[in-house]
Amino acid sequence: MKLTLKTKLSFTIAIVVILTVALISLLSNFFVGNQFKNYIKGQQDKTTSQIINNISSQYDETTKTWNVNSVHTIGMNALYDGYIIKVYDLNKQSVWDAETSDMDLCIETIDTISNRMTAEFPDFKGEFKLNNFQAFKNNELIGTISIGYYGPYFLSDDDFYFLDSLNQILIGTGIFSLIISIITGFIFANQMSRPIINTMGAAKRIAEGDYGVRIKEQTNTKEINDLINSINHLAESIEGHEMLRRRLTADMAHELRTPLTSVQTHIEAMIEGVWEPTTVRLQSCYEEMTRITKLVSDMENLAKLDNDNLKLKKMNVNLLDILMKIISNFETEFTDKNQEVSISGNCTDIFADRDRISQVLINLLSNASKYTQDGGKILINISETDDSVKLSINDNGIGIREDEISFIFERFFRGDKSRNRATGGTGIGLSIVKSIITAHEGSVTVKSELGVGSEFTVTLPKNINT
Ligand code: ADP
């Protein structure tokens, strides 16, 4: 049986409270009961010595006689309290005897007390016992007082009433705290489970394709807030990828359709004899086909990197050397656009795949040139630490929109279409950069501001001893 979080929480809280209340009641009953017994025993000892004192004081040492009337009053009072008194003089002659005075009352007292005690405490082993005490007056022995009572101790009506009230208070407090805790437990369980249920609902809607869902609720539980934030983040990233996928399909269709339509209409016109198949026209068809081939080969390259076939042929290479060669190959491009390139810094060798690293630098440099207007500046800086080399390419070109930055390393992603159409890119360059750098266990990051420029930074481990 699967229980809901709310039911489980409510149950757990209720069970914990019931156990706590039961334990507290048991313990307090036990401790209070024990303390009470000790108190009663003490009281009984006090009463007995009081009775002895009271009776002893009824002896007149000058006449050597007892004031039997007073002894009778004391004895009868003691009998009402559950004590059966017998007083003997020095000659062991009875002065006063409770049983002789009122046998019925004595039997009734004994019965009432023993019945009450066995009814309340069935395991209690008690019995009526007679205890003999020597009676003194002014340090002179005057006789013997025998006191009989239910022992080791007994409880009076008042004592029982006190214990009952105590139990009632305990039970009342228990029931009251149980009700309060069940109510607060239910409210707490509701508060805990509500955001989780909402989050679950949102996750379900996301799974069904509603990527725009965001959970606005914030709670005061850290873990639940983290969960809400993770789900929101997940939805955001799925939404981004979904947008990218749609855009990618549209982009690819467009990229392929433009050259294909142009080649198709050219060839159609030539077949129908509308156009002479001149070298210029055939050359134009050839260029379009080259564009398509480039796109397909870029895609192939990427697929190769993806298939984990990225086997690196590592050797000792110097980033600055590679960079200088590439820049000299790009010479005409930079001159045509009147762009100024400057290099600063230096570095030692790293252990890497020369061709792949060249590919990375080509892609980054060609982007820097492509996305920088005529007369712009490209600054390259190389620096190193003990175990890594860092290369950054900074341009003062068109920059990247903030919301696009996180997608530029995605395959086929191209910045705002209208701005880039003329650059003739395929949106694959940076994904190749990322794959190669990741295979080298390095990192590539970007900082960019629209209309101000961009800076791509590649960090590669030296790994020179491996
Ligand atoms: P593309 O073939 O479009 O250049 P890339 O993968 O090389 O594909 O780059 C992806 C996108 O990143 C580009 O379309 C462009 O919007 C942006 N981008 C890359 N480099 C730069 C740069 N140096 N300055 C501005 N935008 C850039």
Side-chain angles (χ1 to χ4, degrees), residues 240-241 243-256 258-259 290-306 323 326-327 330 333-334 336-343 356-381 391-439 443-458:
H241 278 90
M243 195 191 78
L244 192 72
R245 194 181 62 79
R246 288 207 193 113
R247 190 169 173 170
L248 195 141
T249 324
D251 272 2
M252 270 182 66
H254 189 272
E255 291 301 324
L256 287 169
T258 321
T290 317
R291 216 165 110 65
I292 299 170
T293 317
K294 183 180 180 304
L295 181 65
V296 173
S297 92
D298 270 355
M299 282 162 67
E300 257 172 9
N301 266 342
L302 201 61
K304 248 191 236 155
L305 297 183
D306 268 356
L323 191 72
I326 296 168
I327 289 178
F330 269 87
E333 216 167 320
F334 292 136
D336 282 354
K337 291 187 85 175
N338 199 19
Q339 286 166 336
E340 189 187 313
V341 182
S342 61
I343 305 173
R356 306 280 191 188
I357 295 295
S358 301
Q359 183 69 56
V360 167
L361 299 186
I362 290 170
N363 291 2
L364 291 178
L365 269 180
S366 97
N367 277 354
S369 171
K370 248 189 325 191
Y371 300 112
T372 301
Q373 50 281 67
D374 291 2
K377 277 195 184 119
I378 299 166
L379 310 173
I380 304 166
N381 180 268
L391 179 139
S392 57
I393 301 177
N394 186 303
D395 64 57
N396 61 350
I398 60 171
I400 307 165
R401 265 195 1 224
E402 208 183 322
D403 59 327
E404 287 183 340
I405 289 184
S406 53
F407 299 116
I408 58 166
F409 291 101
E410 302 279 351
R411 61 197 54 187
F412 299 113
F413 180 85
R414 302 185 60 201
D416 195 334
K417 283 185 196 170
S418 52
R419 289 188 297 126
N420 285 326
R421 186 57 54 215
T423 61
T426 53
I428 289 178
L430 285 182
S431 30
I432 292 179
V433 168
K434 178 104 186 177
S435 300
I436 295 174
I437 298 298
T438 310
S443 68
V444 51
T445 56
V446 59
K447 274 193 254 164
S448 186
E449 202 179 322
L450 196 64
V452 177
S454 315
E455 183 177 65
F456 284 82
T457 305
V458 169

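In listed order, ligands and their atoms are each counted from 1.
For ligand 1, the atoms closer than 4.0 angstrom to any heavy atom of Ile408 are 10 (C), 12 (O). Heavy-atom contacts of Gly429 reach the following atoms of ligand 1: 5 (P), 6 (O), 7 (O) (cutoff under 4.0 Å). Close approach to Ile428 involves these atoms of ligand 1, each under 4.0 Å from a residue heavy atom: 6 (O), 8 (O). Against a heavy-atom cut-off of under 4.0 Å, Ile400 is close to the following atoms of ligand 1: 25 (C), 26 (N), 27 (C). Taking every heavy atom of Phe413 and a limit of under 4.0 angstrom, the matching atoms of ligand 1 come to 10 (C), 11 (C).
Phe413 and Phe407 have tilted rings, their planes meeting at an angle from 30° to 60° on a 0 to 90° scale.
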- Could you please spell out the steps behind the side chain to side chain contact (heavy atoms under 4.5 Å, CB included) verdict for Asn367 and Val433? CA-CA 11 Å; Asn367 277 354; Val433 168; over 6 Å; no
- Intermediate values then yes/no, side chain to side chain contact (heavy atoms under 4.5 Å, CB included), Asn381 and Ile393: CA-CA 7 Å; Asn381 180 268; Ile393 301 177; over 6 Å; no
- Message: Run Ser392 and Thr457 through side-chain hydrogen bond (donor to acceptor under 3.5 Å, both in side chains) and show every step you take.
- Response: CA-CA 4 Å; Ser392 57; Thr457 305; 4.7 Å; no
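Both the backbone and the side chain of Leu430 come within 4.0 Å of ligand 1, judged by heavy-atom distances. Only the side chain of Asp395 comes within 4.0 Å of ligand 1, judged by heavy-atom distances.
Inclusion of Ser431 in the set of residues having an N or O under 3.5 Å from an N or O of ligand 1 is not warranted. Inclusion of Phe456 in the set of residues having an N or O under 3.5 Å from an N or O of ligand 1 is not warranted.
Under a 4.0 Å heavy-atom criterion, Gly397 is not in contact with ligand 1. At least one heavy atom of Lys370 sits closer than 4.0 Å to an atom of ligand 1.
The shortest heavy-atom contact between Leu379 and Ser342 is CD2-OG, 3.0 Å.
Under a cut-off of 6.0 angstrom, the local environment of NZ in Lys337 is crowded, with over 12 non-hydrogen atoms contributed by other residues, nucleotides or ligands.
Across Ile398, Asn367, Asn396, Asn363, heavy-atom proximity to atom 19 (C) of ligand 1 is greatest for Asn367.
Residues Leu364 and Leu430 are in side-chain contact: their nearest non-hydrogen atoms beyond the backbone lie under 4.5 Å apart. In this structure the side chain of Ile378 reaches within 4.5 angstrom of the side chain of Phe334, judged on heavy atoms.
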